[in-house]
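Below is one structure, written out as structure tokens, with a few remarks after it.
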Amino acid sequence: MTTSAVRCRVAPSPSGFLHIGTAKTALYNWLFARSNGGTFILRLEDTDAERTEEQYVQAMCEGFKWLGIEWDEGPEFGDEPEKGAFGPYRQSQRLQLYSEEAARLVAEGKAYRCYCTKEELDAQREQAALEKRPPRYSGKCRNLTPEEIAAKGDTPYAIRFRVPEGETVIDDIIQGPVRIQNKEYDDFIIVKSNGDAIFHLAVVVDDGLMKITHVIRGDDHLTNAGRHVMLFNALGYPLPKFAHHPLIHDEQGRKYSKRLHGANVLDWRKDGYLPETMINYISLLGWTSEEEGREFYTLDELKQLFTLKRLTKSPARFDRKKLDWLNGQHIRMLSPDALCDRVLPILREQGFPVDERSRDWLVEMAAICQEKIPTLNHIIPYTDFFFAAPTAYDEKGDRKFFRQDTSLQALEAALECMRQADEWTVTALKESYEAAAEQKELKIGALVNGTRLALTGKTVGPGLYELVKLLGREESVQRMEAALNYIKTSGEGTA
RNA sequence: GUCCCCAUCGUCUAGUCUGGUCUAGGACACCGCCCUUUCACGGCGGCGACAGGGGUUCAAAUCCCCUUGGGGACGCCA
């Protein structure tokens with residue numbers, strides 16, 4: 001790109017939560033700005049008052065905050081104050097600007113008043129659908145004479161853009177040149193009869209006045225871009241560069257529906273994914289780095305490496321399995337201390353009395369799970385036994401580790417190891433277990449797995465010696481005795 | 001229906017612009033083996049794709065056309 005200042009933006013309409021697709025657009029704009037020393041702008045497209053609610057603004061803000069996407073210019077948003085010299089950044093506060101520009105277009109003959117009613121137009125569209133014709137505006141009000149207009153008196157009117165003859169070319173960075181015959185566009189409305197600007201006018205006026213240099217957005221806007229190019233030209237604004245990236249698809253290959261789980265980026269927070277994972281994963285959904293084969297990227301790396309040239313043209317499906325893998329990678333990159341911080345709220349919410357433990361103990365607990373968990377939420381089944389003794393034993397495990405001929409012997413040997421350990425450390429326990437196994441001619445697995453089942457009630461979990469060490473001698477011994485008692489009193493094992 | 005975009009393993013992709021180095025490379029998933037106290041991690045190996053048809057060319061995944069498939073857009077929504 002050029003060295004002249006890049007200015008790009010994301011312009012969500014606050015009509016719901018932060019959609020994963022909006023997050024992608026925001027991310028690509030943000031990364032592009034960052035990798036070029038440019039400016040990233042947030043603008044709220046709330047021209048449709050009926051669909052905008054303040055709570056949505058909050059929800060969206062939380063999504064951006066969680067992902068860590070921060071903007072250089074933008075409206076007051078959540079607890080952020082308005083910032084930037086090209087404001088206001090909410091379209092609802094820029095209505096005056098749109099009216100002025102629309103009036104200018106009308107005065108220059110580039111737009112005109114249309115007195116057709118919504119009902120008339122709807123009927124025409126339905127008729128067109130019936131006859132399998134493309135729905136197009138009839139052009140009824142295109143050439144009204146000043147007399148005819150005067151005769152309308154104060155009948156409400158919308159304003160339509162007078163689409164010129166010819167062809168419009170969108171010179172798209174990702175898609176290449178896209179040529180569309182202007183006759184494919186009918187004279188579209190730019191101002192509603194209630195005086196509010198339509199999206200197309202608003203975007204172009206805003207992008208023009210905010211000196212946007214690059215419009216990076218989903219390719220659902222590709223055909224709209226033609227309208228925008230015409231509007232840029234009509235208004236006399238310099239044309240920004242366009243880059244229309246493909247949409248994110250669901251596992252079935254459709255546009256990721258708002259109703260699907262995961263459409264809301266905060267769904268992923270709830271499911272135990274790290275924001276750095278989401279940034280990394282979404283970046284991969286339509287972009288590859290020069291460095292072949294590499295897929296793990298930190299945010300700082302992305303800010304360095306991101307280029308529009310490496311954007312993909314075809315839509316990508318969201319693959320949960322790959323996301324899991326990536327999340328595991330990012331979890332392992334965390335320091336045990338950081339992992340502890342991420343995991344604590346989850347354990348707390350689960351009702352585990354984590355605040356009774358020392359910080360060191362909690363960090364160690366997080367550390368012994370780090371290699372094991374694909375999502376933060378998996379911390380729960382990996383650590384619940386620390387906070388409550390097992391009330392039941394895994395059925396398969398019971399048969400396998402409690403009911404064999406050597407089960408009792410193994411568990412008693414393990415218990416002896418615990419009782420006699422000189423020091424309560426991972427290495428001491430390990431050595432002691434190994435010595436006992438050898439001496440009693442038992443498989444180490446019998447000792448270890450039996451102990452795991454006795455202490456946790458499960459057959460899977462963190463490394464055994466690590467877990468025993470953290471559980472503490474007293475608690476471990478108690479649980480071993482309970483297990484032995486359970487085996488002896490539940491009968492069937494003696495056979 | 002009309003217009004626009006897209007098309008390499010199941011999925012994400014490299015390679016396409018600048019045809020030959022591609023008997024098509026990597027990653028996730030899957031399968032097997034190794035490591036191993038479980039689970040996971042890690043290591044090794046396997047399975048697996050240029051949508052189809054025509055051209056152009058000495059040579060095509062790469063260029064052109066058609067077909068098919070998928071997606072998107074056609075609002076006084078954004």
Side-chain angles (χ1 to χ4, degrees), chain A residues 11-15 45-48 50-52 91 114 116-118 121-122 125 128-136 156-160 170 172 174-176 178-181 183-186 188-194 196 198-200 202-203 218-226 244 246-247 249 251 253-255 281 284-288 292-296 312-326 328-329 332 369-374 378 382 397 401 430 433-434 437 443-453 456 458-465:
Chain A
S13 83
S15 54
E45 308 221 316
D46 56 350
T47 45
D48 190 355
E50 286 174 25
R51 299 211 318 203
T52 299
Q91 291 190 331
C114 174
C116 299
T117 63
K118 182 107 169 60
L121 297 171
D122 285 347
R125 236 190 314 278
L130 269 172
E131 294 171 23
K132 304 204 169 193
R133 284 183 292 110
R136 294 280 152 69
Y157 59 87
I159 297 179
R160 283 185 187 272
I170 303 140
D172 196 274
I174 299 170
Q175 311 288 350
V178 177
R179 336 179 74 91
I180 298 176
Q181 297 303 313
K183 66 172 174 354
E184 299 300 336
Y185 298 110
D186 47 5
F188 53 95
I189 289 174
I190 54 177
V191 177
K192 305 182 206 178
S193 50
N194 70 2
D196 288 350
I198 278 291
F199 161 74
H200 300 298
V203 197
D219 72 7
D220 49 342
H221 283 300
L222 188 52
T223 34
N224 288 335
H244 289 94
L247 268 23
H249 283 181
E251 318 235 9
R254 314 247 153 195
K255 179 161 124 174
Y281 185 67
L284 257 26
L285 246 31
W287 174 84
T288 50
E292 208 182 316
R294 191 155 158 237
E295 302 196 285
F296 180 94
T312 298
K313 296 178 92 170
S314 52
R317 298 185 189 202
F318 197 98
D319 183 1
R320 178 69 177 268
K321 290 274 182 59
K322 186 148 187 173
L323 180 69
D324 283 348
W325 167 77
L326 237 202
Q329 300 293 311
R332 274 163 225 127
C369 299
Q370 189 156 19
E371 289 283 305
K372 316 273 178 182
I373 54 174
H378 281 80
Y382 270 87
F401 304 119
K430 183 171 191 287
Y433 263 61
E434 283 166 353
K443 278 198 281 192
I444 188 78
L447 287 186
V448 165
N449 293 318
T451 305
R452 178 189 304 286
L453 188 63
T456 73
K458 305 177 192 219
T459 56
V460 306
L464 197 263
Y465 307 118

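Note that these values count all heavy atoms, side chains included, but never hydrogens, waters or copies made by symmetry.
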Paired nucleotide for B:rA73 [Watson-Crick or G-U wobble; both distances under 3.5 Å]: B:rU2
Shortest side-chain distance from A:E295, nucleotide among B:rA40, B:rC39, B:rC12: B:rC12
Side-chain ion pair, A:D324 and A:K321, N-O less than 4.0 Å: no
Gap in Å between the two C1' atoms, one belonging to B:rC76 and one to B:rG71, rounded: 28 Å
B:rU62 versus B:rU57 - spacing of their C1' atoms, nearest Å: 13 Å
B:rA14 to B:rC9 separation - P atoms, rounded to the nearest Å: 13 Å
Sole residue of A:I444, A:V448, A:L447 in side chain to side chain contact (heavy atoms under 4.5 Å, CB included) with A:E434: A:I444
Of the listed nucleotides B:rG72, B:rU37, B:rC41, the one nearest the side chain of A:K255: B:rG72
Options B:rG75, B:rC12, B:rG42, nucleotide nearest the side-chain atoms of A:R125: B:rG75
Side chain to side chain, A:L464 and A:Y433, heavy atoms closer than 4.5 Å: yes
Which nucleotide in B:rC76, B:rA73, B:rA27 has an atom nearest any side-chain atom of A:D220: B:rA73
Proximal nucleotide (of B:rC12, B:rA78, B:rG71) relative to the A:R254 side chain: B:rG71
Partners meeting side-chain hydrogen bond (donor to acceptor under 3.5 Å, both in side chains) with A:E292 (sequence neighbours left out): none
Shortest side-chain distance from A:I189, nucleotide among B:rU37, B:rG71, B:rC76: B:rC76
Atom P, compared across B:rC4 and B:rG42: separation rounded to whole Å: 47 Å
Donor-acceptor pair (no angle test) under 3.5 Å: A:K372 side chain, B:rC39 base: yes
Distance between P atoms of B:rC22 and B:rA61 (Å, rounded): 13 Å
A:W325 side-chain proximity, nearest of B:rU37, B:rA27, B:rU38: B:rA27
Base-pairing assignment for B:rA7 (Watson-Crick or G-U wobble, both under 3.5 Å): B:rU68
A:N449 side chain vs A:G445 backbone, donor-acceptor pair below 3.5 Å: yes
Interatomic distance at C1', B:rU16 relative to B:rC64, whole Å: 14 Å
Partner nucleotide of B:rC30 by Watson-Crick or wobble geometry (both distances under 3.5 Å): B:rG46
Residue pair A:R332, A:E371: steps toward the side-chain contact (heavy atoms from CB on, under 4.5 Å) verdict: CA-CA 6 Å; A:R332 274 163 225 127; A:E371 289 283 305; 3.6 Å; yes
Nearest-neighbour nucleotide for the A:E292 side chain, B:rG25, B:rC77, B:rA27 considered: B:rG25
P-based separation of B:rC50 from B:rC5 [nearest Å]: 26 Å
Among B:rU13, B:rA78, B:rU37, the nucleotide that comes nearest once only the side chain of A:S13 is considered: B:rA78
Pairwise P distance, B:rC33 and B:rA49 [rounded to whole Å]: 24 Å
Sugar-phosphate only, base, or nothing, as touched by A:R452 at under 4.0 Å among non-hydrogen atoms: base
A:Y157: side-chain contact (heavy atoms from CB on, under 4.5 Å) partners, not counting sequence neighbours: A:R113, A:Y115, A:I159
Options B:rC77, B:rU37, B:rG26, nucleotide nearest the side-chain atoms of A:N449: B:rU37
Flag if over 12 foreign heavy atoms under 6.0 Å of CZ, A:R179: no
Under 3.5 Å on both distances, the Watson-Crick or G-U partner of B:rC58: B:rG20
Contact pattern, 5' to 3', of nucleotides 1-9 of chain B - B, S or - by protein heavy atom under 4.0 Å: BSSSSSS--
Distance below 4.0 Å between A:K192 side-chain N/O and B:rC77 OP1 or OP2: yes
